[in-house]
Participant: 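Have a look at the structure that comes next, please.
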Amino acid sequence: MPLIETAPAPLLEKLPADSAVPVEGLDQPTWLVRRESLKEVAKMLGADASAGFDLLLDVCGVDYPGRAERFEVVYHLYSIGRHERLRLKVAVPEEDPVLPSLIDVWKAANWFEREVYDMFGLRFEGHPNLRRILTHEAFEGHPLRKDYDPARRWILTEDKIYRPEPRPDDEESGDDMFEPMTINIGPSHPAMHGTFRIVARLDGEVITASEVEIGYLHRCFEKMAETHTWQQVIPFTDRLNYCSAFINNVGYCRTVEKLLGVEAPPKAVWASTILSEFSRIMDHCVCNGATLVDAGALTNFWYFFQPREEIYGLLEACSGARLTVSYCRIGGLAADLPPDFEAHCRRLLEMIPPFMDDIEKLVDKNRIWLDRSVGVAAISGEQAVNWGWTGPCLRASGVANDVRRDHPYDLYDTVDWNVVVLPGGDVYDRYRIRMLEIRESLKIIRQLLDRGIPEGPYIVDDPHVALPPKDVAYNQMEAMIYHFKLIMDGIQVPAGEIYSMVEGANGELGFYAISDGSGKPYRLKVRPPCFPIMSTFSHLIQGGSVSDAVVSLGGLNIIAGELER
Amino acid sequence: MVGESWVTTTFEKLGEWGRNNSFWPLPFGTACCGIEFMSVVSSHYDMARFGYEVVRFSPRQSDLLIVAGTITDKMAPVLKKIYDQMPDPKWVVSMGACACSGGFYRAYHVMQGIDEIIPVDVYVPGCPPTPEGLMHGILQLKEKIERDRKRVKKEKATIAADRDGSSAAA
Amino acid sequence: MTEHPKETRPYRYSLAERLYLPLLSGLAVTLKHFLRNLLGRGPGYTIQYPEERRNYSHRFRGHHILTSRPDGSLRCVACFLCATACPAECIHIESGEHPDLNIEKYPVVYDIDMLRCVFCGYCVDACPEDAIIMSTNYDMAYFSRDQSIATKEELSKPYTYDTSRLGYRPHYPEEEAQRAAIREGVVDLIGEARRRQGSAAPAKATKAAPARRGRAKSTEGQPS
């Protein structure tokens, strides 16, 4: 994919001199911003209509112990209208680790800044609730700093658990109809999908304020990535969004391939596109199935899980595992496609639609479901963008934003398909959009299958990137040496940085990788699509009843593994 | 003696038979393994065939805790509390590498096996285990419970015999 | 700057929906499935484990196997590549000098902590001797953590050589046979699938296909 080179130079002129300096030669336009002028720059970029960087994708901290200003905070911005990206970098010294909070400009900054605080100990001035988000209350130190021992654990005891007391803004007004009550939902609660905790303040049955607590599944992916070689990270990426593990594999491998400057062969790209779409179908099945179960519609769950099991069959036939496939490798696939791959895919194409038809007949126009979902947890497109939403949830609010169309990767620009957009912004439209996207995915797969399997290898023929084929390695000394070197030292990725994204099942799944030229990633930041979505949750459920909160959580498709990494 | 009467022992047997064939599992599903647990209860594998379909999310109503997924240090007090709330007799199945040992997350926020805080009866390896793997684990647990019951019965009988013997000698 | 919708337009109920009428079509769907299953015409998705087993592919990543040379000694030369490649660091090897001078080393200890293992198959990819492969054996359950350490002896037990239970490994001879059959036109998987797609016949497994597929079941499952 060509690098985005058009730097938004005219914007620079609007700023006072030396508040931002462009950096040349990176994968996307990058500005070095002085800490003092960060807020001004952000306001100009985010709030100014002509700049239009309306989406804050990610905030990432990086630790460079050798530098005079030890920390760096990296902001990734995106303009939905112009499909442009911009990266801001701010250096922060260790002695005075403070920088301004950008919550006023982008609400999405809220949780991202908390995460940087938790992981690096940088403080954001003006943040209303700057406390740990992923790690627990008894945790000491900041784990993503380079001098933190990856295995150093802290034990949390019952008495230290944080007990939030959410207060509505207007409590003093005394408008409450009933005596207010604070309830705790989760983390071990079926409606919280196992790993979220919500403390809600109720007025009768209406939620007047709430606080969401996450981090119950923080598995330290980013620290683990720093302690493993580039190849070894692939199994870890499986477990980010475990409902569609393959898309994570693709996203990560494409990122590293771009850093390396290699390209996966056509066969691998073809298969990745098909399997990604199947994974997306699977993910949407789980999400919609779970949402409907949360609303009490159990039958659909069985109907949704049937196609899912069949897709597992396909993934297992390719990779050997049902859920955590690890089928991608940097530069291609782990193994050749099975001989009956195409036939198997066609069998699936044939069997999935009847199940979807059944489900649509059951719930689409069913008033019980409509009453539970129409208008529930509605959010307008403008607000959703400000909160950092991407993916199906944003498209359900009327904003057509899809990485597959706007920044095509793999084969998405060669097939004919539509970006589905719905205007409702509520749970019902989030459900509908997933049903429609399943059909679109099937369309993509059908077109690709009709082209036939591309001939050729399934992984690049480059001994610095991919293991040589076994029979070659056994017969040639040179290949054997490469084999040993690649496993002992890992892939030597040249120093540099890149942000690369794929459309995950739940939005833009980005990987921001920094390499220092050693065999391991220096820093690997995931831009999890559901992280900003979940940060909105408290806002979404305000004013609704508890049962609405349950349904809306299902509809957002929050996958804890990806949310908390 | 009342405790030894035919009625009560038969009733006890009936209870044990029922208990063994109708676990009420509490799925403590946090991550990927939770998704595979869903497969176990859905139509392809259908745990109801063994009588284990009454999935309860309330610890007070269940006797089999299936820990499916990574347990982090933040989650640990919650898991401990849930376990403590379950009434006896209770069993624990640890599903998947993360719950069993921490898996490949040798990291600052991940518990290296739930046996750090609660006793585990059966460990099911895999990442995640296949649904068959989990069912195999639960069936193994069932056998183990039967074995233990027989052993306890035998021990009780030995103790009783000893007591009778010693009292006779006295 | 592109304007994003400032308001939401929720779905509007039709009259029929107000009257709960579409519920009937839903009831028809469930009734159809109910009757079909009642009359035994249903697809019968449930796999009666443990009597019946899902037929996983021959790429399944299950319990590991250490392979042997024809003379019965282990192929492993204790080169530590598998232990290095393992992201979970679950392989523990101690090497020793082999009496045969042609072979440099052999593993004195070769343990895999099955509870740590994430079954990613990296050890198989890394092995330069085809000494470690995986089986389709997934029936694993342990009562203690000590029990879960699979030793050299357990990993090389003869029963694992049952060729029908070989899993993830560098070469799949059965696939080669299948590919040859497809090439020579003995089976026409794709054509068959296309035909069925056109005729919208009920999904049914192709008998000719030697490949194991997701839904196919075998009844010759080995006792656990």
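If you're wondering where the values come from, they're calculated on a predicted model, not measured in any experiment. Protein chains get the first letters and strands the later ones, always in sequence-line order, with residue 1 at the start of each.
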Participant: Are any of the side-chain nitrogens in A:Arg153 or B:Glu116 under 4.0 Å away from the carboxylate oxygens of its partner?
Facilitator: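 Yes, charged N to carboxylate O under 4.0 Å.
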
Participant: Select, from B:Leu79, B:Thr70, B:Ile82, the one with the greatest count of heavy-atom pairs under 4.5 Å involving chain A.
Facilitator: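 If we count pairs closer than 4.5 Å to chain A, B:Thr70 comes out on top.
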
Participant: Roughly how far, to the nearest 0.5 Å, is the CE atom of A:Met282 from the CZ atom of A:Phe246?
Facilitator: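 If I round to the nearest 0.5 Å, the distance is 11.0 Å.
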
Participant: Just so I understand: if I count every heavy-atom pair under 4.5 Å between each of B:Ala31, B:Pro59, B:Pro131 and chain A, which residue has the most?
Facilitator: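 Of the options given, most contacts go to B:Ala31.
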
Participant: Cationic tip of A:Arg197 within the cone over A:Tyr216's six-membered ring, i.e. under 6.0 Å and within 45° of the normal?
Facilitator: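 Not flagged: A:Arg197 not positioned over aromatic ring of A:Tyr216.
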
Participant: Heavy atom to heavy atom, less than 4.5 Å: which residues from residues 288-296 of chain A reach chain B?
Facilitator: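 Interface residues of residues 288-296 of chain A: none, nothing closer than 4.5 Å to chain B.
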
Participant: Could you check which of B:Lys74, B:Lys80, B:Met38, B:Glu36 has the highest count of heavy-atom pairs closer than 4.5 Å to chain A?
Facilitator: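 Maximum pair count with chain A is reached by B:Lys74.
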
Participant: Side chain, backbone, both or neither: which part of A:Glu213 has a non-hydrogen atom closer than 4.5 Å to chain B?
Facilitator: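 For A:Glu213, the contact with chain B is made by the side chain alone.
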
Participant: Among A:Ile161, A:Val286, A:Leu134, which residue has the highest count of heavy-atom pairs closer than 4.5 Å to chain B?
Facilitator: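 It is A:Leu134.
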
Participant: Does B:Asp63 use its side chain to pair, donor to acceptor, with the backbone of B:Phe23 at less than 3.5 Å?
Facilitator: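 No, B:Asp63 side chain to B:Phe23 backbone: no donor-acceptor pair under 3.5 Å.
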
Participant: Is it the backbone or the side chain of B:Lys81 that comes under 4.5 Å from a heavy atom of chain A, or both, or neither?
Facilitator: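 For B:Lys81, the side chain is the part near chain A, not the backbone.
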
Participant: Let me know if B:Val78 has heavy atoms under 4.5 Å from chain A in its side chain, its backbone, both or neither.
Facilitator: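 For B:Val78, the contact with chain A is made by the side chain alone.
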
Participant: What part of A:Arg308 lies closer than 4.5 angstrom to a heavy atom of chain B: side chain, backbone, both or neither?
Facilitator: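 A:Arg308 touches chain B through side-chain heavy atoms alone.
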
Participant: At a 4.5 Å cut-off on heavy atoms, which part of B:Ile35 comes close to chain A: side chain, backbone, both, or neither?
Facilitator: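 It is both, since atoms from each part get that close.
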
Participant: Of all of A:His228, A:Arg219, A:Arg152, which one pairs up most often with chain B through heavy atoms under 4.5 Å apart?
Facilitator: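 Most heavy-atom pairs within the cutoff with chain B belong to A:Arg219.
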
Participant: Return the CD1 to CD1 distance between A:Ile214 and A:Ile198, rounded to the nearest 0.5 Å.
Facilitator: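 So the CD1 of A:Ile214 and the CD1 of A:Ile198 are separated by 11.5 Å.
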
Participant: Taking atom types as modelled, is there a side-chain donor on A:Asn557 or A:Asp283 under 3.5 Å from an acceptor on the other?
Facilitator: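 Present: a donor and an acceptor within the cut-off.
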
Participant: Can you say whether A:Leu323 sits under 4.5 Å from chain B via the side chain, the backbone, both, or neither, judging by heavy atoms?
Facilitator: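 Contact with chain B: side chain only.
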
Participant: Against chain B, work out which of A:Lys223, A:Glu158, A:Arg239 has the most heavy-atom pairs shorter than 4.5 Å and name it.
Facilitator: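 Most heavy-atom pairs under 4.5 Å with chain B: A:Arg239.
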
Participant: A:Phe305 and ring pair (Phe, Tyr, Trp, His ring centres under 6.0 Å): which single residue from A:Trp302, A:Phe301, A:Tyr303 fits?
Facilitator: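 With A:Phe305 as partner, A:Trp302, A:Phe301, A:Tyr303 yield a single ring pair (Phe, Tyr, Trp, His ring centres under 6.0 Å), made by A:Phe301.
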
Participant: Does any pair with a residue in residues 98-134 of chain B pass ring-ring contact (aromatic ring centres under 6.0 Å, His included), and if so which ones, sequence neighbours excluded?
Facilitator: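 Residue pairs passing ring-ring contact (aromatic ring centres under 6.0 Å, His included), neighbours aside: A:His136-B:His109, A:Phe139-B:Tyr108, A:Tyr148-B:Tyr108, A:His218-B:Tyr108, A:His218-B:His109, A:Phe236-B:Phe104, A:Phe236-B:Tyr105.
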
Participant: What I'd like to find out is whether the side chain of B:Tyr45 reaches to under 4.5 Å of the side chain of A:Glu309, using heavy atoms alone.
Facilitator: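 Counting from C-beta outward, B:Tyr45 and A:Glu309 do come under 4.5 Å.
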
Participant: If I take atom CZ from residue A:Phe278 and atom CD from residue A:Glu310, how far apart are they, to the nearest 0.5 angstrom?
Facilitator: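 A:Phe278 CZ to A:Glu310 CD: 11.0 Å, rounded to 0.5 Å.
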
Participant: Given heavy-atom pairs under 4.5 angstrom as the criterion, report whether the side chain, backbone, both or neither of B:Ala76 touches chain A.
Facilitator: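 Looking at B:Ala76, nothing touches chain A.
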
Participant: Heavy-atom pairs under 4.5 Å with chain A are the metric here; pick the option from B:Gly34, B:Ser43, B:Ser39, B:Ser58 that has the most.
Facilitator: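 Answer, by heavy-atom pair count under 4.5 Å with chain A: B:Ser39.
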
Participant: Nearest 0.5 angstrom please: B:Ile71 CD1 to B:Cys98 SG, how far?
Facilitator: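 Interatomic distance, B:Ile71 CD1 to B:Cys98 SG, rounded to 0.5 Å: 9.0 Å.
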
Participant: For A:Lys146, look at atom NZ and say whether over 12 heavy atoms of other residues, nucleotides or ligands are found less than 6.0 Å away.
Facilitator: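 Correct, the count exceeds 12.
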
Participant: Is the backbone of B:Gln140 close enough, under 3.5 Å, to the side chain of B:Lys144 for a donor and an acceptor to pair up by distance?
Facilitator: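 No.
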
Participant: Could you look at A:Arg322 and say if it's the side chain, the backbone, both or neither that has a heavy atom under 4.5 Å from chain B?
Facilitator: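 A:Arg322 touches chain B through side-chain heavy atoms alone.
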
Participant: At a heavy-atom separation under 4.5 Å, does A:Ile559 approach chain B through its side chain, its backbone, both, or neither?
Facilitator: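 Contact with chain B is absent: no heavy atom of A:Ile559 under 4.5 Å.
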
Participant: Taking atom CE of B:Met111 and atom CD1 of A:Ile155, what is their separation to the nearest 0.5 Å?
Facilitator: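 Going from the CE atom of B:Met111 to the CD1 atom of A:Ile155 covers 5.5 Å.
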
